[in-house]
Amino acid sequence: MPKLLNLPAGTDPAKRVIEINSFAGIDLSSAPADVDRKRSPDAPNMMPDLLGNPVKRPGFEIFGEYPGRINGSFQFGEKRIIHAGKALFDGERQIWDGMADEISCGIVTGNRLFIFDGQEALCYDGEHVVPLCDIAYIPTVLISKNADEAEKETVLKGDGTSTGFVLPEEPKEILSVVVGGTSTDFTYSEGKIVFETPPEEDSEIKIKMIVEQEPGGSAKEEFNLISSRFKESFLCDTGTEKKFSLSKGKLFGNVRAWVMDEKGEMQEKFEDEDFSVDREAGKIEFFEAVPKTPVTGQDNLVIEAGAFFEGYKERINRCGRGIAFDSGGTSTRIFLCGNRDEPNRDHWCAAGDPTYWPDTYYSEIGSAKSEIVGYSIIEGYLAAHIAPAFDGRSIVLRSAKVDEEGNVSFPIVKHLQGEEAAAPYSFVYMEKEPLFLTKRGVYAVTAEDVSGEKYTQNRSFYINKVLCSEDIEKAFCGKWKQFYVILTGGKMFLLDTSRKSYQRGEPLSTFQYECYLWKDFSARIFWEQGGELFFGDSEGRVFRFTEGRYSDDGRAINAYWTVPDFSGESFWKNKTIRTVAVQAAAVPLNEVRLEVKENGFWKILKEWKGKISYFAWDRFSWNDFSWSGNGSYRTITLKTKIKKFDKVGFRIVCDSRDRAFGLYGFAVEYTEGGRFGK
């Protein structure tokens, strides 16, 4: 008989498990093989829930329509002001027309909204919109000026022998000469008055004459860039002054005047009724002399006029970007930049009064080839970001300096070297640091950077590869909840500033923010309103993202979470998967699909609907009816057999209309054995 052989029993390959139960954001910058399992190399239209788990973003619905592309949105009290096309709207009511059809900047200060669009600065008080130049502060540029001429009396003493007397000042005209109370004949020549006979000794010689005067005066305020009008005040201390000259000629518009009465109150006088005006020469002549000031030493005549200052108004009107800043951490001044004719110059207004822009309140920063891209406030400094920067000094820090007389200036105190800001509408203060967009991604300046000389704090490593391929200069950025949001190229990138990663990224940055990417919608600008996210497009439509809505104006949202490819413990061995598990959020009318990628192609493994849904009256549907009332997360497993592969990828998809998705966990059970070869 043949001899029986006792062979050892066969053993099944050891089962291994890959489990992901903690998630972060996306990683679009790393090589696919290097992406951490808790992140996704491709996860459009997802965002974190309160625990950081990825969930499908909310959908949006149309909220309003306007006759022009959406250029600006400003919160003013309870009102929402919209700049659409060339018009301004308070809700649906048009309140202004004739604006620039470009993105604008709005700053609220002093219970008024000031809007700068690069064409004409506007002011809105809650009822009316007016050009800023129409309500501009009218400065008093000179005080205690003299009239052109005045009647004066000089008293001399006779000595009984002299016939000639030198006058203390050159008269334009001698009105009368009285010696000892009697009018006397005289001659006048070369500053001397001469009598035929010497006046008696100690006799009183009274000479009345008209004397021309230098305008004089003391500077008080600067001319206002945004206004052509100015004031000058005069001290009339003889009661004989009629003619007055202003410091500017070629006057235009109405000329106004006020004269102090005997009670010390200013009373208005009127052209053609009380005085005449030589506009070319800048001279005013009263028909009757201005009475002597009733208050010794106090100006008693004020004249207001308008004169042409070439290019003055344009310096403010052509600015399109700004920030509020002042000494002591207050925000009582507006700083403006963005004038295409003066790219490296900015201007600031008087404290608490954005209708007054003194013509000396400006700075030129960087070289003539530099541009002030925008502003940040860093540790109490006003930071102006310039590009191109000389020697890499792309941030200029200024602080408020108050002198002994209370005058405030804003000298440069420091420069910082680093990446140049590239997007004018990217400066946002988030958490404890300002963020801005460069051609290398999102950067921050920290307190440590201010105390040093350089800054290298990149915050967007995980999306830089995709983000930096977009048209960065046209990006529009802002804040929504804890997210720094970047809108560019039909995409919306979100940096979650409440979740930081200290594991990897830029080597000189202390941490990176977790990131997300939304796609498939076109937006021009966006804003946060009442905690909700709104955006406006180039067609004049305004949309609102709404929690619990999972369609975009009736269209399905394509959202999915891609699990990074894995190749087991030994990349060169065959793998076989037998079980896949998904832990998903239970949502009324839920629907998800599990897909697998083999040899570079995606195919469907399984779809789930009712199993991960629960009953809710507000989302009732016979087609997707579920008896379950359990709203907690669900674990769903799939028995499958994916064999003899070296690497494999999965993604969980939710792309049906009005369907939601949230991922809490993902696991794969597999075996490994044998050498892979194809």
Side-chain angles (χ1 to χ4, degrees), residues 74-77 81 88 96 104-143 218-233 253 256 258 266 302-307 309 311-339 342 345-363 375 377 382 384 398-403 405-411:
F74 317 112
Q75 187 71 42
F76 182 60
I81 309 302
L88 199 65
W96 188 256
S104 55
C105 167
I107 299 174
V108 176
T109 182
N111 297 320
R112 290 181 290 184
L113 169 64
F114 296 89
I115 301 173
F116 306 94
D117 63 357
Q119 177 174 288
E120 183 175 43
L122 300 175
C123 176
Y124 179 53
D125 62 4
E127 293 293 332
H128 305 97
V129 178
V130 293
L132 189 55
C133 61
D134 287 359
I135 58 168
Y137 174 74
I138 301 173
T140 300
V141 296
L142 290 170
I143 60 174
S218 301
K220 182 182 180 184
E221 296 176 316
E222 311 294 338
F223 288 99
N224 190 354
L225 288 176
I226 202 67
S227 175
S228 59
R229 300 191 68 79
F230 64 97
K231 295 177 181 178
E232 295 180 358
S233 66
R256 305 179 67 187
W258 294 264
M266 303 301 292
V302 177
I303 298 175
E304 177 191 314
F309 298 87
Y312 263 35
K313 292 181 181 179
E314 289 77 7
R315 292 181 182 178
I316 302 302
N317 282 332
R318 290 180 181 172
C319 291
R321 303 186 296 274
I323 193 172
F325 176 79
D326 204 356
S327 60
T330 62
S331 302
T332 61
R333 297 180 195 263
I334 295 176
F335 282 70
L336 288 180
C337 66
N339 188 330
E342 301 174 333
R345 175 182 289 194
D346 66 359
H347 300 268
W348 59 89
C349 68
D353 189 2
T355 71
Y356 184 29
W357 298 82
D359 59 359
T360 58
Y361 284 17
Y362 71 91
S363 286
Y375 300 104
I377 296 177
L382 177 63
R398 286 177 288 180
S399 64
K401 180 180 179 181
V402 183
D403 64 20
E405 297 179 356
N407 299 314
V408 180
S409 60
F410 297 90

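All residue numbers in this chain count up from 1 along the given sequence. The basis for the numbers below is simple: all heavy atoms, side chains too, and nothing from hydrogens, waters or symmetry mates.
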**Q** Measure the spacing between CD of Glu314 and CD of Gln119 and express it to the nearest 0.5 Å.
**A** 11.5 Å

**Q** Is Asn111 atom CG crowded by more than 12 heavy atoms from other residues, nucleotides or ligands, each under 6.0 Å away?
**A** no

**Q** Side chains of Asp346 and Arg398, heavy atoms from C-beta outward: is any pair under 4.5 Å?
**A** yes

**Q** For residues Ser228 and Lys313, report the shortest heavy-atom separation together with the two atoms involved.
**A** N-CE, 4.0 Å

**Q** Verify side-chain hydrogen bond (donor to acceptor under 3.5 Å, both in side chains) between Tyr137 and Glu221, making sure each step is shown before the conclusion.
**A** CA-CA 11 Å; Tyr137 174 74; Glu221 296 176 316; 2.7 Å; yes

**Q** When you measure from the centre of the six-membered ring of Tyr362, is the NZ or CZ of Arg345 under 6.0 Å away and within 45° of the axis?
**A** yes

**Q** Search all heavy atoms of Arg112 against all heavy atoms of Thr355 and return the closest pair with its distance.
**A** NH1-CG2, 3.8 Å

**Q** Could you check whether any side-chain N or O of Ser409 sits under 3.5 Å from a backbone N or O of Pro411, counting only pairs where one atom can act as donor and the other as acceptor?
**A** no

**Q** Locate the shortest heavy-atom distance separating Leu382 from Ile323; write the atom from each residue and the value.
**A** CD1-CG2, 3.8 Å

**Q** Might you point out which heavy atoms bring Gly320 and Cys105 nearest each other, and give the distance in Å?
**A** O-CB, 3.2 Å

**Q** Atom CZ of Phe335 and atom OH of Tyr361: how far apart are they, to the nearest 0.5 Å?
**A** 10.5 Å

**Q** Test side-chain contact (heavy atoms from CB on, under 4.5 Å) on Ile303 and Glu232; report intermediate values, then the result.
**A** CA-CA 6 Å; Ile303 298 175; Glu232 295 180 358; 5.7 Å; no

**Q** Given the side-chain rings of Phe325 and Tyr375, with only the six-membered ring counted for Trp, is the space between their centroids under 6.0 Å?
**A** no

**Q** Could you tell me whether the side chain of Trp96 reaches within less than 4.5 Å of the side chain of Pro131, counting heavy atoms only?
**A** yes

**Q** Quick one: are Tyr356 and Ser227 in side-chain contact, heavy atoms under 4.5 Å?
**A** no

**Q** Closest heavy-atom contact between Val408 and Arg333?
**A** CB-NH2, 3.5 Å

**Q** Does any part of the side chain of Val302, heavy atoms only, come nearer than 4.5 Å to the side chain of Thr140, both counted from C-beta?
**A** no

**Q** So Asn339 and Ile316, side-chain contact (heavy atoms from CB on, under 4.5 Å) or not? Walk me through it.
**A** CA-CA 8 Å; Asn339 188 330; Ile316 302 302; over 6 Å; no

**Q** So, applying side chain to side chain contact (heavy atoms under 4.5 Å, CB included) with Cys349, which one of Ile334, Thr109, Leu225, Asn224 is it?
**A** Ile334

**Q** Grab the two heavy atoms, one from Gly322 and one from Leu336, that are nearest each other, plus how far apart they are.
**A** CA-CD2, 3.9 Å

**Q** Ring pair (Phe, Tyr, Trp, His ring centres under 6.0 Å), that's the test. Do Tyr124 and Phe76 meet it? Break it down for me.
**A** CA-CA 9 Å; Tyr124 179 53; Phe76 182 60; 5.6 Å; yes

**Q** Can you confirm whether or not the ring centre of Tyr312 sits under 6.0 Å from the ring centre of Phe223?
**A** no

**Q** List the residues meeting salt bridge (Lys or Arg N to Asp or Glu O under 4.0 Å) with Asp117, not counting sequence neighbours, and say none if there are none.
**A** none

**Q** Does the side chain of Leu122 come within less than 4.5 Å of Leu113's, by heavy atoms?
**A** no

**Q** Roughly how far apart are His347 NE2 and Asp359 CG, rounded to 0.5 Å?
**A** 10.0 Å

**Q** Report yes if some heavy atom in the side chain of Trp357 is under 4.5 Å from a heavy atom in the side chain of Leu132; otherwise report no.
**A** yes

**Q** Mind checking the CZ-CD spacing from Arg315 to Glu342? Nearest 0.5 Å is all I need.
**A** 5.0 Å

